[in-house]
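Counting begins at 1 with the first residue of the sequence.
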Amino acid sequence: MYIRTCLRFTLLEDFCQMSNMVLVPQEDCSFGLHLLLFIVLALLVDPISAGAGNEWDYGGDIGPDHWYKTYPQCAGDNQSPVSIDTTLVVYDEALKGLQLDGYNSVSAVNMSLTNNGHTVQVDLQGQSLTIQGGALPGVYKAAQFHFHWGAENKRGSEHNLDDQNFPMEMHIVHYKDDYANIKEAMVNDKGLMVLGFFFKVGRHNRHFDDILGHFNEITHKDDHVNIPTIPLRKLMANNLDLYYRYRGSLTTPPCYESVIWTVFREPIEISQFQVEQFRNKVKKNYPDEPDLDLTDDFRPVQPLNHRIIYGSHIDTLMPYRSHGENGAGHAQLPFYLLLLSVCISLFV
């Protein structure tokens, strides 16, 4: 940032000196200087991700409680993440199975892994991976996926389920194919669709090894590396039939409220060792700065306000309970259903 700023001002000084050489009055040089400054700034600022160069973080004076000062939409009424309360979920029979195309493929799909100082992100390029169905208003293309995790197992996910937090959450970000790219889509209503997956600690998941194995190459902020293509479906939960749907936002600045959220009930299982790789291998700082672990990169839940969360199956209305802090939860039948099942068994 410092080098780029110095370069910009050097160019401005050169412009002023050149004006003097051709006998332009000093006051005209001053006007020209300001005009050139305006043009340079206009070119440097991306109107879609305006403010993206501003610093934000997950704590302190630039943490989530302060995002709205620079990014006003972060104080909107339709923000994400939210707490999913199964007692308030409304069953929607229109939420049928999702149609995935290309998610099992590795041909013509390229993946690059980046530490952007806020998360670990995998960008997808080449052949489009698309999703439709499930009452989505069109076809959506996968652009990237990234992770949120905590310093310990009892926190890390952005959404929660019946007040159950999980150690991690993965987001697969898609944009509607009506738009040229994700930047264009994110400023339009229903322009984005995100698949959200919880994680629980359990068995080793070999499908994530091809990502974790490259963490030594993305230790610091802005480090990136191309990685072998992984079938995206292998990284997802087995059961994609049980999910929750609501309208929300990006969970990071600029917090555009253009996201259709699909959050799956079944967690992805990974080992404790694999979770620790996220916590200890990647840093949030540049190489020439003191190392700071990149962890607790999740936004607190936001008010649901007037919104309704819909469930894809009657089972999504069942309470969710956990056997501890590792996010290994299960559906617990209400007492009256258990009693009914016992009575039926006695008369069958």
Side-chain angles (χ1 to χ4, degrees), residues 57-59 63-64 80-86 113 115-122 144-173 194-215 218-219 230 232 234-240 242-244 248 251-252 261-284 292-302 316 319-332:
D57 205 345
Y58 288 97
S80 298
V82 298
S83 180
I84 301 172
D85 183 345
T86 56
L113 179 66
N115 172 354
N116 62 22
H118 299 297
T119 186
V120 168
Q121 178 171 308
V122 177
Q144 52 102 333
F145 61 93
H146 60 268
F147 304 87
H148 301 270
W149 62 92
E152 50 188 355
N153 289 348
K154 66 181 181 181
R155 67 175 186 266
S157 63
E158 295 209 299
H159 295 84
N160 67 52
L161 185 54
D162 285 337
D163 292 324
Q164 167 70 51
N165 295 308
F166 298 80
M168 286 183 56
E169 184 171 334
M170 178 175 70
H171 295 160
I172 306 179
V173 183
V194 180
L195 304 180
F197 295 90
F198 299 122
F199 284 76
K200 68 178 182 180
V201 174
R203 293 172 297 181
H204 183 86
N205 189 330
R206 63 182 179 84
H207 299 300
F208 283 88
D209 287 344
D210 286 334
I211 296 176
L212 296 172
H214 292 276
F215 273 15
I218 59 158
T219 302
I230 309 161
L232 194 52
K234 298 291 186 182
L235 302 179
M236 301 161 68
N238 292 323
N239 187 346
L240 300 184
L242 303 184
Y243 60 86
Y244 302 93
T251 64
T252 60
W261 277 95
T262 302
V263 180
F264 293 91
R265 183 177 174 102
E266 179 183 288
I268 298 168
E269 189 170 359
I270 59 174
S271 69
Q272 183 66 47
F273 174 78
Q274 290 176 302
V275 176
E276 295 297 337
Q277 302 304 296
F278 283 90
R279 294 171 180 162
N280 301 320
K281 285 290 188 70
V282 288
K283 312 300 177 182
K284 63 194 302 183
L292 296 171
D293 288 338
L294 202 174
T295 191
D296 285 336
D297 61 336
F298 59 91
R299 187 188 193 188
V301 293
Q302 303 297 300
T316 61
Y320 190 90
R321 295 291 181 265
S322 170
H323 284 304
E325 296 183 354
N326 63 3
H330 67 287
Q332 188 177 65

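Atoms CE and CD, from Met170 and Glu158 in turn, are 13.5 Å apart once rounded to the nearest 0.5 Å. Annotation: the span from Ile270 atom CD1 to Asp209 atom CG amounts to 10.5 Å, rounded to 0.5 Å. Between Gln144 atom CD and Ile172 atom CD1 the span is 10.0 Å, to the nearest 0.5 Å. Rounded to the nearest 0.5 angstrom, Ile84 CD1 and Gln164 CD are separated by 12.0 Å. Here the straight-line distance linking atom OG1 of Thr252 with atom NE2 of His146 works out to 6.5 Å at 0.5 Å rounding. Residue Gln121 holds its CD atom at 9.5 Å from CG of Leu113, rounded to the nearest 0.5 Å.
A 4.5 Å side-chain heavy-atom check between Thr295 and Trp149 finds at least one atom pair inside the cut-off. Contact of the Leu212 side chain with the Lys281 side chain is not registered, since no non-hydrogen atoms from C-beta on lie closer than 4.5 Å.
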Check against side chain to side chain contact (heavy atoms under 4.5 Å, CB included), Leu235 and Ile211 | CA-CA 10 Å; Leu235 302 179; Ile211 296 176; 4.0 Å; yes

Worked check of side chain to side chain contact (heavy atoms under 4.5 Å, CB included) between Asp162 and Arg321 = CA-CA 8 Å; Asp162 285 337; Arg321 295 291 181 265; 4.2 Å; yes

Determine, stepwise, if the pair Thr251 / His148 fulfils side chain to side chain contact (heavy atoms under 4.5 Å, CB included).
-> CA-CA 10 Å; Thr251 64; His148 301 270; 4.1 Å; yes

Give the C-alpha distance, both sets of side-chain angles, the deciding distance and a yes or no for side chain to side chain contact (heavy atoms under 4.5 Å, CB included) between Arg265 and Asn239.
-> CA-CA 8 Å; Arg265 183 177 174 102; Asn239 187 346; over 6 Å; no

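Nearest heavy atoms, Pro81 versus Arg299: CG-O, 3.4 Å. Contact between Met168 and Val275 at its shortest, heavy atoms only, is SD-CG2, 4.3 Å. The two residues Tyr58 and Phe298 have their closest heavy-atom pair at CD2-O, 3.4 Å. Closest approach of Ala237 and Glu266 over heavy atoms only: CB-O, 3.4 Å. Taking both residues in full, the closest heavy atoms of Phe197 and Ile268 are given as CB-CD1, 3.5 Å, listed atom of the first, atom of the second, then distance. Among all heavy-atom pairs drawn from Thr316 and Thr86, the shortest one is O-CG2, 3.6 Å.
Remark: side-chain polar atoms of Asn165 are not paired, donor with acceptor, to backbone N or O of Asn160 under 3.5 angstrom. Side chain of Gln302 to main chain of Pro300: a donor-acceptor pair is present (N/O by atom type, distance under 3.5 Å, no hydrogens or angles). Between the side chain of Asn153 and the backbone N or O of Pro167, no donor-acceptor pair lies under 3.5 Å. Using a distance-only test at 3.5 Å, with no hydrogens or angles considered, a donor-acceptor pair links the side chain of Ser271 to the main chain of Gln274.
For the side chain to side chain contact (heavy atoms under 4.5 Å, CB included) criterion with Tyr244, the lone passing option out of Thr262, Val82, Leu161 is Leu161. Under the ring-ring contact (aromatic ring centres under 6.0 Å, His included) rule, His159 has a single partner from Tyr320, Phe166, Trp261, which is Trp261.
Aromatic ring centres of Phe215 and Phe147: separated by at least 6.0 Å. You'll find the ring centres of Phe199 and Phe208 inside the 6.0 Å limit.
Between Asp296 and Arg155 there is a salt bridge, with a side-chain nitrogen of the basic residue lying less than 4.0 Å from a carboxylate oxygen of the acidic one. Ionic pairing of Lys284 and Asp297 is not present here: no N-O contact between side-chain nitrogen and carboxylate oxygen is shorter than 4.0 angstrom.
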